There are 2 protein chains.
Amino acid sequence: MKVKITEVALAAGVSSATVSKVLSGRTGYAVHAATAERVRQAALHLGYVPDLAARNLRTGRTGQLGVVLEAVGSSEPDSLLGGVTAGSAVRRTFDGAIMAGLNDAARELEVPALVVYPGGGKPPASYLDGRVDGLLISCDPLRGHGLLEALSGAALPIVALWTENPPPGMSAVDVDHQAGGALATDHLLGLGHHRVAFYGGGEASGVEHFRRRELGYRQAMLAAGAPVQTALHDGALLVEAVRRGEVSAVFAETDLAAAAVVQALSRAGLSVPGDVSLVGFDDILGAEYIAGGLTTVYHPAAEMAAEGVHALMRRLQGESASQLLLPPHLIVRRSAQTQSESPVRQEWRLKRPPKM
Amino acid sequence: MKVKITEVALAAGVSSATVSKVLSGRTGYAVHAATAERVRQAALHLGYVPDLAARNLRTGRTGQLGVVLEAVGSSEPDSLLGGVTAGSAVRRTFDGAIMAGLNDAARELEVPALVVYPGGGKPPASYLDGRVDGLLISCDPLRGHGLLEALSGAALPIVALWTENPPPGMSAVDVDHQAGGALATDHLLGLGHHRVAFYGGGEASGVEHFRRRELGYRQAMLAAGAPVQTALHDGALLVEAVRRGEVSAVFAETDLAAAAVVQALSRAGLSVPGDVSLVGFDDILGAEYIAGGLTTVYHPAAEMAAEGVHALMRRLQGESASQLLLPPHLIVRRSAQTQSESPVRQEWRLKRPPKM
DNA sequence: CTGTTAGCGCTTTCAA
DNA sequence: TTGAAAGCGCTAACAG
């Protein structure tokens, strides 16, 4: 059945202790090169696979990192995200990105496995059962820091994702939403728009990240000496404002909100970017099909997750807790154009699509 | 430091064996109710958390399920998906859905944790190191069954996702793509369209799933006595076919392909659903913004993952390998309309064939 | 109903 | 440079 270390020892003509020294992966043991080689051959030949449980019991470590996906699979309505209904789709996109980032980093750092906790039920206790050496928590921004607080005193090194200000002792990685908001707004400003509105802040206004995006907008407007407008989160109101000539460009809180803007505008016979320039945030799947190509702020979720793994590994190597804010960057497509180009007839555009 | 079972025993005034009986979760032991309660109190009071490694070593089981996400985080070009470039975004969406489904099922079945292997590096050996009781493999349809074959002889129960015909001994869960293709086509047929084309089959034609979708199309067309057309995978060709009056409706291989269809058509001044009815496949994020609401086939990826967990648990309880094909369902939005409703704007439409 | 006992397979001093 | 021996913390027979 299962090959154990003693059988390898027997085959190689050495003791189990020697086999362990060779195969444990730990360097620094004094083993004769020839002996080591003999052991490795025997192990390979017998198809030896070390028993993790035994090793963990002995060493007290597992080499595994734990992951808590706070929001994943939850079936709560998440219409808050983006201010428009989106099922669980947006979350799933981000969770997929998180997993991708975690996987890449784990592979790179040779972390053998990630332990993903289903979450939902009884949280804290099970995270501390020695299954993992450290914990990554992908927080749900909609839920506040309840889980982090609960884990606050834990002996386990923890790094929080989607979090700017973690409880003391924890590391954190987040995207710099404020910088992203400023980036989007500056882009519009740079295109000659002064009458830039922020679209969002509706039901989702309680979400820290979205407030930071708006803060970035305000900061950029202020810095440019442009008039900060009160946030809009109603299509009809936006249409009126556009008609009154009060807004020529919109920075939407999320790409989904941007899609809602496009829809509201187009129902009123207004087009993007013909009548209004638009910038979104997130670069979700399908962004290139919104308004013929939505200019938006790329949200580095996968990168954030990867940085989280790095941060956790550093903690495991004795470094102290750290905090990191990832800069987002702009993806320029077609939904935002210079103001002078704006008043262009729709028919004209059909015949001569603007070059990228 | 860490509380162990003997300390709980001491505090409760019983032996460690009794504590184990009470706390192991295993029922069927004869323990006095009062004693059990005393033990539980002591454990709670001391903050006892069982050491998983020790338990696993002793019992030989872990209660954990392993997950291999074959495609996740891979940075290979995946332009094949949908026949149009999409970065890793589509995959990530599906991986997010997979994780959501796994999590929900794990929570429901009280699986304490899922072990996710980074994959990529050296595969098989590490999956068999006793870390998990069974393995879920989310196969990459673009890669064939290499990994499954390699794991073919393994002692571990394995269930393959995204797979219709696994190697003998393995369970498998997949979506019924052929049924989905038929569903989409029948919908168009039911709307009065006879000249239905299949869009896809380009570079991605090697992908089994997509071929099955096309098979569903053929099957439905045949059954309806409608003319099966050769697959189109070029926007210009499609436009010509539409202009010649050869096609009034399109079933696109994927939603992304559908988006490409919309784009090609609109560049030629043709609209969806005005000139052409369109049905996609997948219901990706943003599908509601394609063509003002893409009618599409919902791809139950999360459900597939959940079924996979159930299948694996069944295997662990001694049942034999099983195979399951999940039926997709149609999501009706606006991109497909009855032929008579389509605004008649082209000359050729004036002599459209009588409805039957 | 409760306690004693013997390991699970591995790593790690320590002595040879 | 190698080997003998002592557990890591828990569970499962088996006695009592």
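Letters A, B, ... mirror the listed sequences (proteins, then strands); counts begin at 1. All figures in this text were calculated on a predicted structure; none of them were measured in a lab.
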Practice problem: Using whole Å, report how far CZ of Arg131(B) lies from P of dG9(C). | Solution: 17 Å
Exercise. Could you check whether Thr59(A) gets within reach of a base, just the sugar-phosphate, or nothing at all, counting any heavy atom under 4.0 Å?
Key: sugar-phosphate
Quiz item: Just how far, in rounded Å, is P of dA6(D) from CD1 of Ile5(A)?
Solution: 18 Å
Self-check item: Residue mapping more 5' on DNA chain D - nearest nucleotide basis, Ser16(A) or Ala30(A)
Solution: Ala30(A)
Quiz item: Backbone N or O of Gly101(B) within a donor-acceptor pair of the Glu303(B) side chain at under 3.5 Å?
Solution: no
Quiz item: How many Å lie between CG on Leu10(A) and P on dG9(C), as a whole number?
Solution: 16 Å
Self-check item: Nearest-Å distance for atom pair NZ/C1', residues Lys4(A) and dC8(C)
Solution: 8 Å
Self-check item: First of Lys21(A) and Ser15(B) reached from the 5' end of DNA chain C, by closest nucleotide
Solution: Ser15(B)
Practice problem: Taking atom types as modelled, find out whether Thr163(B) and Asp174(B) have a side-chain donor-acceptor pair closer than 3.5 angstrom. | Solution: no
Exercise. Let me know the distance between CG of Asn56(A) and P of dC8(C), rounded to the nearest Å.
Key: 18 Å
Self-check item: Interatomic distance where CG belongs to Leu57(A) and C1' belongs to dT12(C) [whole Å]
Solution: 13 Å
Practice problem: Please state how far atom CZ in Arg26(A) lies from atom P in dT13(C), giving the value in whole angstrom units. | Solution: 7 Å
Practice problem: With heavy atoms under 4.0 Å as the rule, sort Thr35(B) into base, sugar-phosphate or nothing. | Solution: sugar-phosphate
Exercise. Run the salt-bridge test on Lys4(B) and Glu7(B) with the 4.0 Å N-O cut-off and return the result as yes or no.
Key: no
Quiz item: Between Thr18(B) and dG3(C), does any side-chain N or O lie under 4.0 Å from OP1 or OP2?
Solution: yes
Practice problem: Please tell me if the side chains of Leu147(B) and Cys139(B) come closer than 4.5 Å, counting only heavy atoms from C-beta onward. | Solution: no
Quiz item: Taking the nucleotide of DNA chain C with the closest heavy atom to each, which residue, Ala17(B) or Ala54(B), is nearer the 5' end?
Solution: Ala17(B)
Quiz item: Partners of His299(A) by ring-ring contact (aromatic ring centres under 6.0 Å, His included), sequence neighbours excluded?
Solution: Phe94(A), Trp162(A), His177(A)
Practice problem: Examine dT12(C): is either OP1 or OP2 under 4.0 Å from a nitrogen or oxygen in the side chain of Tyr29(A)? Give yes or no. | Solution: yes
Exercise. Whole angstrom is fine here: how far is it from CZ in Arg58(A) over to P in dG7(D)?
Key: 10 Å
